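Letters go in sequence order (proteins before strands), and every chain restarts at 1. Note that the structure is predicted; figures quoted are calculated from it, not measured. All values below come from the heavy atoms of this structure, side chains included, with hydrogens, waters and symmetry mates left out.
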Protein chains: 2
Amino acid sequence: MYLEREKLINFLKENGISPSPQRMQIYEYIATHDTHPTADEIYGAVYKKIPSLSKTTVYNTVRVLAEIGLINELTIDGTEIRYDADTRTHAHFKCTQCGRIFDISDGFDGNFSPELGKNELNLEGHTVRFKQLYYYGICRDCRENSN
Amino acid sequence: MYLEREKLINFLKENGISPSPQRMQIYEYIATHDTHPTADEIYGAVYKKIPSLSKTTVYNTVRVLAEIGLINELTIDGTEIRYDADTRTHAHFKCTQCGRIFDISDGFDGNFSPELGKNELNLEGHTVRFKQLYYYGICRDCRENSN
DNA sequence: TTCAATGCAAATTTTTTGCAAAGTC
DNA sequence: GACTTTGCAAAAAATTTGCATTGAA
């Protein structure tokens with residue numbers, strides 16, 4: 001589902017950016033954690049492997065990775081940006097109690113077109129490049145724990 | 001579509017919060033501007049009518065208004081929260097060129113259930129209270145101006 | 001006079017910017 | 001050697017917090 005090392009290196013090179021250890025590790029961390037980490041969380045984890053890492057590099061890298069479409073930015077929170085290496089269109093659910101963000105494979109009505117993101121669409125005269133669907137509520141765990 | 005003065009006062013009182021001039025003006029500003037203003041923009045505008053206004057009061061007020069459901073928070077941007085007094089479920093389109101945010105009356109596929117927000121829904125075991133659909137792209141004006 | 005609401009100042013959090021040092025082709 | 005990438009430090013932007021003052025019932 002996510003790019004493996006070989007393909008990642010090629011994809012980066014095709015887009016004119018070099019596969020530095022920092023970039024490889026940052027992408028790998030995002031791709032292997034479905035927690036939709038923030039820049040700070042990415043930094044905290046990758047720092048253990050590359051102690052010289054700076055937050056500036058994390059911010060630079062996630063911007064570059066988002067620009068070439070390797071990851072998506074999630075703005076489900078108003079005050080921090082989260083990153084997702086699963087670039088197939090899917091929705092997200094945020095539990096307002098525990099704060100966790102869950103992937104939702106499809107809109108609840110079965111109509112959250114999974115093909116968007118590849119094709120441009122026209123919406124009331126505007127050209128759509130991308131969309132995000134966010135749900136908010138109480139997750140299963142929090143609901144059951146409160147019983 | 002938006003609460004007029006009388007109803008606003010009653011609604012605030014019903015929810016145990018007093019209809020102070022600050023709260024009235026802040027709600028009125030959001031309700032009469034479809035620009036989805038940020039706290040800073042609200043402050044800049046309401047400050048002209050209430051020069052003693054502080055940003056803390058703006059932040060306090062928008063939190064309270066959101067809690068009682070008078071306004072919605074938009075997190076279409078990752079780094080700032082915008083406010084919308086139209087609490088009917090509808091989508092938003094953000095132009096990545098000019099930065100403006102447009103109301104979209106309905107999802108492009110006609111299936112963005114307008115009744116959500118009133119009824120709770122179950123989604124893969126989680127309890128949904130609220131949802132937001134955000135589109136990103138180039139607005140009509142920007143597209144035509146670039147020709 | 002009690003409690004809620006406001007406002008100032010400082011602190012916190014997230015992200016961005018300027019620039020020098022290090023690495024790459 | 002030119003160009004890219006990194007990392008530090010400082011700045012900027014958005015939001016929150018502590019607390020004293022004001023205002024209303």
Side-chain angles (χ1 to χ4, degrees), chain A residues 8-10 12-27 29-30 36-68 70-71 73-83 96 99 101, chain B residues 8-9 12-27 29-30 35-68 70-71 73-83 96 99 101:
Chain A
L8 172 58
I9 291 175
N10 286 336
L12 292 175
K13 285 183 180 170
E14 283 165 21
N15 282 276
I17 73 172
S18 68
S20 69
Q22 287 87 342
R23 286 168 177 162
M24 297 292 286
Q25 293 280 339
I26 288 170
Y27 176 78
Y29 180 79
I30 301 171
H36 315 91
T38 63
D40 193 61
E41 288 163 358
I42 296 165
Y43 172 77
V46 178
Y47 172 83
K48 291 173 188 159
K49 299 201 169 184
I50 307 178
S52 67
L53 184 67
S54 81
K55 267 194 193 171
T56 301
T57 298
V58 175
Y59 279 106
N60 284 340
T61 299
V62 291
R63 177 164 17 82
V64 167
L65 295 180
E67 277 169 7
I68 65 176
L70 262 184
I71 62 174
E73 299 183 335
L74 302 184
T75 65
I76 196 165
D77 248 284
T79 51
E80 63 186 8
I81 301 174
R82 293 179 168 274
Y83 298 93
T96 53
I101 293 166
Chain B
L8 172 59
I9 291 175
L12 291 176
K13 285 183 180 170
E14 283 166 21
N15 282 276
I17 73 171
S18 68
S20 68
Q22 288 86 343
R23 286 168 177 161
M24 298 292 287
Q25 293 280 339
I26 288 169
Y27 175 78
Y29 181 80
I30 302 171
T35 53
H36 314 92
T38 62
D40 193 61
E41 287 163 358
I42 296 165
Y43 172 77
V46 178
Y47 171 83
K48 290 173 189 159
K49 299 202 168 182
I50 306 179
S52 67
L53 184 69
S54 81
K55 266 193 192 172
T56 301
T57 297
V58 175
Y59 279 107
N60 285 340
T61 299
V62 291
R63 178 165 15 83
V64 167
L65 296 180
E67 276 168 8
I68 66 176
L70 261 184
I71 61 174
E73 298 185 335
L74 302 185
T75 65
I76 196 165
D77 248 284
T79 51
E80 63 186 8
I81 301 175
R82 293 178 169 274
Y83 299 93
T96 53
I101 293 166

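Note on the helix from C:dT1-D:dA25 to C:dC25-D:dG1: angle between the axes of the first and last five pairs equals 20°, rounded to 10 degrees.
Distance, A:Ile26 CD1 to D:dT6 C1': 10 Å, rounded to whole Å. In this structure, B:Asp77 places its CG atom 10 Å from P of D:dT15, rounding to the nearest Å. Summarising the geometry, the separation between CD1 on A:Ile81 and C1' on D:dA13 is reported as 13 Å, rounded to the nearest angstrom. Rounded to whole angstrom, the span from the CD atom of B:Glu73 across to the P atom of D:dA14 amounts to 15 Å. Atom CG in A:Asp40 sits about 9 Å away from atom P in C:dT15, given to the nearest Å. One interatomic measurement links the two molecules: CG of B:Leu12 to P of C:dA5, which rounds to 10 Å at whole-angstrom precision. B:Arg63 has its CZ atom 18 Å from the P atom of D:dA14, to the nearest Å. To the nearest angstrom, P of C:dA4 lies 16 Å from CG of B:Asn15.
Dashed line: the shortest gap from a side-chain N or O of A:Tyr59 to OP1 or OP2 of C:dT15 is under 4.0 Å. Contact between the side-chain N/O atoms of B:Arg23 and the OP1/OP2 oxygens of C:dT6 is found at a separation under 4.0 Å.
To the nearest 0.5 Å, atom OG of residue B:Ser20 and atom CD1 of residue B:Ile50 are 7.5 Å apart. Taking OG1 of B:Thr57 as the reference point, atom CD1 of B:Ile42 lies at 12.5 Å (rounded to 0.5 Å). The distance from the CD1 atom of A:Ile26 to the CG atom of A:Leu70 is 12.5 Å, given to the nearest 0.5 Å.
Residues passing the side chain to side chain contact (heavy atoms under 4.5 Å, CB included) test with A:Ser18, sequence neighbours excluded: A:Arg23. With sequence neighbours excluded, the residues forming a ring pair (Phe, Tyr, Trp, His ring centres under 6.0 Å) with B:Tyr43 are B:Tyr47, listed by chain and number. For B:Lys13, the salt bridge (Lys or Arg N to Asp or Glu O under 4.0 Å) criterion is met by no residue, not counting sequence neighbours. The salt bridge (Lys or Arg N to Asp or Glu O under 4.0 Å) check on B:Lys55 picks up B:Asp40, with sequence neighbours excluded.
Among B:Thr79, B:Thr75, B:Ile81, B:Leu74, the single residue meeting the side-chain contact (heavy atoms from CB on, under 4.5 Å) criterion with B:Asp77 is B:Thr79.
Residue contacts for A:Ser18: at a heavy-atom cut-off of 4.0 Å it reaches the sugar-phosphate backbone alone, with no base atom in range.
The side chain of B:Ser20 lies closest to C:dT6, out of D:dT6, C:dT6, C:dT14.
At a threshold of 4.5 Å between non-hydrogen side-chain atoms, the residues A:Ile30 and A:Val62 count as touching.
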Taking N or O atoms only and anything under 3.5 Å, show me the protein contacts with nucleotides 7-12 of chain D, one pair per line.
residue	atom	partner	partner atom	Å
D:dG7	OP1	A:Gln22	NE2	3.4
D:dG7	OP1	A:Ser52	O	2.9
D:dG7	OP1	A:Ser52	OG	2.6
D:dG7	OP2	A:Ser54	N	3.3
D:dG7	OP2	A:Thr57	OG1	3.0
D:dG7	O5'	A:Ser52	O	3.1
D:dC8	N4	A:Thr56	OG1	2.9
D:dA9	N6	A:Thr56	OG1	3.3

